[in-house]
S.K.: 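A single structure is presented below for examination.
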Amino acid sequence: LPARIMGHWSLRYMTSIGGLPFPANPAQLSRDFDAVVDACAVDLERLHDSLPEELPEWTSQDTFGIELLPASSMPAPYGVEGVDFRAMVLQARKLLWSLEPPIQEWSAARTPEEFWSSVRRFLGESQVRLAVAPCPAWWETTSPQWDPA
């Protein structure tokens, strides 16, 4: 999920006139972050809606093309039979919405490199990094890619 957030943010700045405004304005950073979170939430909603309500017995790959970790290797409470994968996606979305970014710290960055490094550090230390959910092939292929340019 952190990589998807970075990809959406990179895409947002690459497709806007002027790119990343620098130095960064805290109000604009907050709006941009909210827009990126919303884009990721839409992706998670699509993932949620693509999963059947009742899942068959899972192996390493099912008929939906979703690769899963063995239940025994998944973190609690997911390492049990009868896992609700749709609930996992909803939990990931909840973690996404719980993010409280250090906007003032980001706006104080002296260079774009310092800004992006701070964003990566924040996401890498946030609860979002712990999100676990099914990963169909389209999830990877539709993910915007991080571009440091």
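Residue numbers start at 1 and run along the sequence shown.
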S.K.: Are L90 and D84 side-chain neighbours, meaning at least one heavy-atom pair lies under 4.5 Å?
M.R.: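 The answer is no, as the side chains (C-beta and beyond) never meet within the 4.5 Å cut-off.
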
S.K.: Rounded to the nearest 0.5 Å, what separation is found between the CD atom of E114 and the CD atom of E105?
M.R.: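 Here the rounded value is 8.5 Å.
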
S.K.: How long is the straight-line distance from CG of L99 back to NZ of K94, given to the nearest 0.5 Å?
M.R.: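 Going from the NZ atom of K94 to the CG atom of L99 covers 14.0 Å.
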
S.K.: Is there a side-chain contact between S107 and Q104 (heavy atoms, below 4.5 Å)?
M.R.: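 Yes; the side chains approach each other to less than 4.5 Å.
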
S.K.: Report whether W97 and V36 are members of the same hydrophobic cluster (ILVMFWY, side-chain heavy atoms less than 4.5 Å apart, transitive linking).
M.R.: yes

S.K.: Think R46 forms a cation-pi with W138, using NZ or CZ under 6.0 Å from the six-ring centre and within 45 degrees of its axis?
M.R.: yes

S.K.: Considering all heavy atoms of both residues, which atom of L47 and which atom of A133 are nearest to each other, and what is their separation?
M.R.: CD2-CB, 4.3 Å

S.K.: Looking only at heavy atoms, which two atoms of L96 and C40 are closest? And how far apart?
M.R.: CD2-CB, 3.6 Å

S.K.: Minimum heavy-atom separation for P26 to I103, with atom names?
M.R.: O-CG2, 3.3 Å

S.K.: Looking at L44, is its backbone amide N or carbonyl O close enough to the side chain of R93 to form a donor-acceptor pair, meaning the two atoms are under 3.5 Å apart?
M.R.: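 Absent.
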
S.K.: Does the side chain of E45 reach to within under 4.5 Å of the side chain of D49, using non-hydrogen atoms?
M.R.: yes

S.K.: Check for a donor-acceptor pair, side chain of S143 on one end and backbone N or O of E140 on the other, with a separation under 3.5 Å.
M.R.: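 Between the backbone of E140 and the side chain of S143 there is no qualifying donor-acceptor contact (under 3.5 Å).
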
S.K.: I'd like to check M6 versus L123 (side-chain heavy atoms, cut-off strictly below 4.5 Å). Are they in contact?
M.R.: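 Yes, close enough: below the 4.5 Å cut-off.
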
S.K.: Which distance, rounded to the nearest 0.5 Å, do you find between the CZ of R129 and the CZ of F122?
M.R.: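 Spacing of CZ (R129) from CZ (F122) equals 11.5 Å.
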
S.K.: Nearest 0.5 Å, what's the CZ-CG distance between R31 and D34?
M.R.: 9.5 Å

S.K.: Should F33 and V119 count as side-chain neighbours, where that means a heavy-atom distance under 4.5 Å?
M.R.: no

S.K.: Between Q145 and S10, does any side-chain donor sit less than 3.5 Å from a side-chain acceptor?
M.R.: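 Result is no, nothing qualifies.
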
S.K.: To the nearest 0.5 Å, how far apart are OG in S50 and CH2 in W139?
M.R.: 9.5 Å

S.K.: To the nearest 0.5 Å, what is the distance between CH2 (W116) and CZ (R121)?
M.R.: 14.0 Å

S.K.: Considering non-hydrogen atoms only, spot the tightest contact between R86 and L51 and give its length.
M.R.: NH1-O, 2.7 Å

S.K.: Answer yes if the side chains of R4 and T142 hold a donor-acceptor pair under 3.5 Å, and no otherwise.
M.R.: yes

